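Owing to the predicted nature of the structure, the values given are computational and were not obtained by experimental measurement. Computation of the quantities below employed the complete heavy-atom set of this structure, encompassing side-chain atoms and omitting hydrogens, waters and symmetry-equivalent molecules.
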Amino acid sequence: MSGNFNGKVAIVTGGGSGIGLATAKAFAEQGAKVVIAEISAKNGEEAAKTINAAGGSAIFVHTDVSKADSVANLVAQAVAAYGRLDIAVNNAGIDPEVAPDANWDEAVFDRIQGVNLKGVFLCMKYEIAQFLKQGNGGRIVNVASIAGLSAVYNKPAYTASKHGVVGMTKAAALQYARRGIRINAMCPGGVDTPISDQNHKGDQAFIDRMADAHPIGYVSQPSEIAAGILFQCSDGASFMIGHPMVLDGGLIAG
């Protein structure tokens, strides 16, 4: 298997489903060796099995991105398996049911920040340390959301976490740009993933409203977002630093 990422080693957190799985598969199809970080052992193992069966190279590392020791182990296992790290896609995230600000439970708020925001912080902390140790740069894409650029109704905690991801991406990108480490964010609109399925619970009216809200007339497939992430990690995006790339079908263009 050959491609633009032939021989590169890529970590993808939340790589067992949705955008993460599509991204892991896309990297493998273009020749990268993929490390799938997942809190769900079932999803992670199945993702690695699928990639390997298709002729790619992938391992699964059980990971809780909200825990420093778990993230440190992830990076260590990637290097132990493949000898280096070139790319990291920090995609793991949660999106609980909506609720007005006054109704949010404090524990739920903390859990969202722990996974969506602290998780990205911890991943960058250990990924950047490995890049600096190797001394030849690296690529990071933090998966945020349009909620990182514009508030989402009835999702205050999620909106806060994704705004934080965008801000943290910009700050880290400025700090490490001259060390050859390119750090950017991906901000998708509506995407057809297991998380979105969980939120709309098969409510066709809700699904139709979501599609109609996007000027393009539909919510994206994970593969469309994965294509954008691979571009951000490619040599074609060599001048892209600290950029929150929007792929939202025109949702926030107006």
Side-chain angles (χ1 to χ4, degrees), residues 1-16 19-38 44-45 47-65 67-92 119-143 168-169 172-173 175-186 226 228-242:
M1 182 178 288
S2 63
N4 294 335
F5 298 98
N6 191 42
K8 301 294 185 182
V9 178
I11 284 175
V12 181
T13 71
I19 293 171
L21 177 58
T23 301
K25 287 179 176 179
F27 272 126
E29 288 168 359
Q30 293 203 26
K33 300 171 183 177
V34 183
V35 181
I36 296 171
E38 254 291 347
E45 289 169 355
K49 180 180 178 181
T50 298
I51 288 172
N52 290 323
S57 179
I59 62 168
F60 159 62
V61 179
H62 185 265
T63 308
D64 180 346
V65 296
K67 306 296 184 184
D69 57 350
S70 186
V71 177
N73 177 66
L74 165 64
V75 175
Q77 290 298 320
V79 175
Y82 293 126
R84 58 181 298 104
L85 179 64
D86 301 291
I87 297 164
V89 178
N90 299 320
N91 164 75
V120 171
F121 162 74
L122 289 173
C123 286
M124 285 203 294
K125 173 182 173 68
Y126 290 100
E127 292 155 359
I128 290 170
Q130 180 60 34
F131 290 151
L132 293 174
K133 181 179 180 180
Q134 293 171 181
N136 57 354
R139 308 287 182 263
I140 294 176
V141 175
N142 297 320
V143 178
M168 193 161 52
T169 297
Q175 186 171 7
Y176 291 102
R178 295 200 180 190
R179 304 294 295 272
I181 301 172
R182 289 200 286 105
I183 306 173
N184 293 288
M186 171 57 66
I229 292 170
L230 263 66
F231 170 71
Q232 289 180 293
C233 295
S234 73
D235 291 342
S238 59
F239 207 58
M240 184 183 289
I241 299 291

*Quick one: list whatever passes side chain to side chain donor-acceptor pair (under 3.5 Å) with Q232, sequence neighbours left out.*
none
*Of all residues at least two apart in sequence or in a different chain, which pass the side chain to side chain donor-acceptor pair (under 3.5 Å) check with R179?*
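By the side chain to side chain donor-acceptor pair (under 3.5 Å) rule, R179 matches no residue at all.
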Mind checking the [atom1]-[atom2] spacing from [X] to [Y]? Nearest 0.5 Å is all I need.
X    : Y    : atom1 : atom2 : result
R139 : D235 : CZ    : CG    : 6.5 Å
H62  : E38  : NE2   : CD    : 8.5 Å
I36  : I59  : CD1   : CD1   : 9.0 Å
F60  : I51  : CZ    : CD1   : 12.5 Å
F131 : I87  : CZ    : CD1   : 8.0 Å
R84  : Q130 : CZ    : CD    : 8.5 Å

I'd like to know if the side chain of [X] and the backbone of [Y] have a donor-acceptor N/O pair within less than 3.5 Å.
X    : Y    : answer
R182 : S234 : yes
N52  : A58  : yes
N91  : G14  : yes
D86  : G138 : no

Tell me, do [X] and [Y] make a side-chain contact under 4.5 Å, heavy atoms counted?
X    : Y    : value
V143 : V89  : yes
I19  : I229 : yes
L85  : I11  : yes

Nearest heavy atoms of [X] and [Y], plus distance in Å:
X    : Y    : value
A185 : V141 : C-CG1, 4.4 Å
F5   : L230 : CZ-O, 3.4 Å
T63  : A37  : OG1-CB, 3.6 Å
V35  : A78  : CG2-CB, 3.7 Å
A47  : G16  : CB-CA, 4.1 Å

_Testing the 3.5 Å rule here: is there a donor-acceptor pair between the side chains of T169 and N142?_
yes
*Hey, mind stepping through F231 and M240 against side-chain contact (heavy atoms from CB on, under 4.5 Å) and telling me if it holds?*
CA-CA 10 Å; F231 170 71; M240 184 183 289; 3.8 Å; yes
For residues 121-129, run the donor-acceptor check on the side chains, cut-off 3.5 Å, and write out each pair with its distance to 0.1 Å, sequence neighbours left out.
unit_1, atom_1, unit_2, atom_2, d
E127, OE1, N90, ND2, 3.0

